[in-house]
Amino acid sequence: MQLTLHARQPFSLHSVIYSHGWCQLAPFKEDASQAGLSLITRLENSQVVELHLSETPGGVLIETPETLDDQAIRNISEMINWMLGLDQEFSDFYALAGAEPKLAKAAARAQGRILRSPTLFEDVIKTILTTNTLWAATKRMNANLVAQFGDSLPTNLEARAFPTPASLAAADEATLRAQTRLGYRAPSVLALAQRVASGELDLESLKHSDLPSTELRKRLQTIRGIGPYASANLLMLLGRYNFLTVDSWAIKMVSQEWYNGGPVTPAQVESAFEKWGDWRGLAYWLWDWTRV
DNA sequence: GGTAGACCTGGACGC
DNA sequence: GCGTCCAGGTCTACC
């Protein structure tokens, strides 16, 4: 099956794929050429498929060896549209960024879209796995979750999709802690999976929520394991750029950029980008931190 | 509202 | 090979 989707211009698949580290997390798989991206995902009809994404004039080409019915194709179309933010509009941001040397290349590179997972559930779990640990450990924990709880491709039992809420909800905390190496994050992951699987929490509805960003942030922070940094990361994935993902790296970068390497508080990191208004999270994210 | 300490893993380092 | 130290956000108790 082949499917072509149109993207609002300017668009660069490479810029979306490398917008952050998600492309390194299973079940995403980077192309050796860095020109495309593969993923294994579970469709609404429970079919597990492998999709390959590549750029085509005006948009993105989706290919899979599977034979799919019309409903599955619609499902994939909506999923990829969400993951790549094909409808997202950044002209206001580009107009502002053009006057700032540290962001001047954003429009030419078609930057702004942040790679999303197929479901917000997957993105919340992955975000929890990024907290209070090194990137190598995040990749390991995530790979363990996929390997132990994800559904397999029919044609390759080793290749798995991200676990469903139900499959994780059925796990026990001890297994998550010890075998998946989630450590103290295990209760958070388990509690979230159980809330989503039971229907108590409709995470996916937040993708298109009308809530103001501050309210959405409060809602996200009711999830165990989601604090200021993680909620800001999730808001950015939801297309809200009102908050900064202030982590230790951000503090270090702002210290070097504006405080001559001196001590910097999270509030000072926030204020450094305050003038960017509703775009401040994106201005921070795309800022060219290289010294001139 | 602000602060301190616990939570857990794995890499780096010294012995 | 073993022990110790440290980095990395969130949560909770306490002031």
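Every chain is numbered from 1 and lettered A, B, ... according to where its sequence line falls, protein lines coming before strand lines.
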Close N or O pairs between protein and nucleotides 3-5 of chain B (under 3.5 Å):
none

Polar-atom pairs under 3.5 Å, protein N or O versus N or O of nucleotides 6-9 of chain B: list them with distances, or write none.
{"unit_1": "B:dC8", "atom_1": "OP1", "unit_2": "A:Arg177", "atom_2": "NH1", "d": "2.4"}
{"unit_1": "B:dC8", "atom_1": "OP1", "unit_2": "A:Arg177", "atom_2": "NH2", "d": "3.2"}

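For the pair A:Asn233 CG and C:dG9 P, the interatomic distance rounds to 11 Å; values are reported in whole Å. Here B:dG10 presents its C1' atom at 17 Å from CG of A:Asn142, a figure rounded to the nearest Å. To the nearest angstrom, C1' of C:dT10 lies 12 Å from OH of A:Tyr229. Distance, A:Leu192 CG to C:dC11 P: 12 Å, rounded to whole Å. Counting to the nearest Å, the P atom of B:dG10 and the NZ atom of A:Lys139 are 15 Å from each other.
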* Would you check, one step at a time, whether the test ring-ring contact (aromatic ring centres under 6.0 Å, His included) holds for A:Phe273 with A:Trp279? => CA-CA 9 Å; A:Phe273 286 90; A:Trp279 294 107; over 10 Å; no
* **Steps toward side chain to side chain contact (heavy atoms under 4.5 Å, CB included) verdict (A:Ile17, A:Trp22)** => CA-CA 8 Å; A:Ile17 294 172; A:Trp22 257 213; over 6 Å; no
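In summary, the aromatic rings of A:Trp249 and A:Trp285 are positioned with their centroids too far apart to meet the 6.0 Å limit.
Both cation-pi conditions hold for A:Arg217 and A:Phe243: the charged atom is under 6.0 angstrom from the six-membered ring centre and inside a 45 degree cone around its axis. Seen from the ring of A:Trp82, A:Arg116 counts as a face-on cation partner, given the 6.0 Å and 45° thresholds.
Of all heavy-atom pairs spanning A:Thr222 and A:Arg219, the tightest one is OG1-O, 2.5 Å.
A salt bridge links A:Arg177 to A:Glu173: one of the charged nitrogens lies within less than 4.0 Å of a carboxylate oxygen. Taking 4.0 Å as the cut-off between side-chain N and carboxylate O, A:Arg42 and A:Asp151 count as a salt-bridged pair.
Here A:Ile223 lies in heavy-atom contact (under 4.0 Å) with sugar-phosphate atoms only. Across all strands, A:Ala230 comes closer than 4.0 Å only to sugar-phosphate atoms, never to a base (heavy-atom distances).
Taking CD1 from A:Ile76 and CG from A:Leu43, the interatomic distance works out to 5.0 Å, rounded to the nearest 0.5 Å.
For C:dT10, neither phosphate oxygen OP1 nor OP2 lies less than 4.0 angstrom from any side-chain nitrogen or oxygen of A:Thr131. At the phosphate of C:dG8, neither OP1 nor OP2 sits under 4.0 Å from any side-chain N or O atom of A:Thr130.
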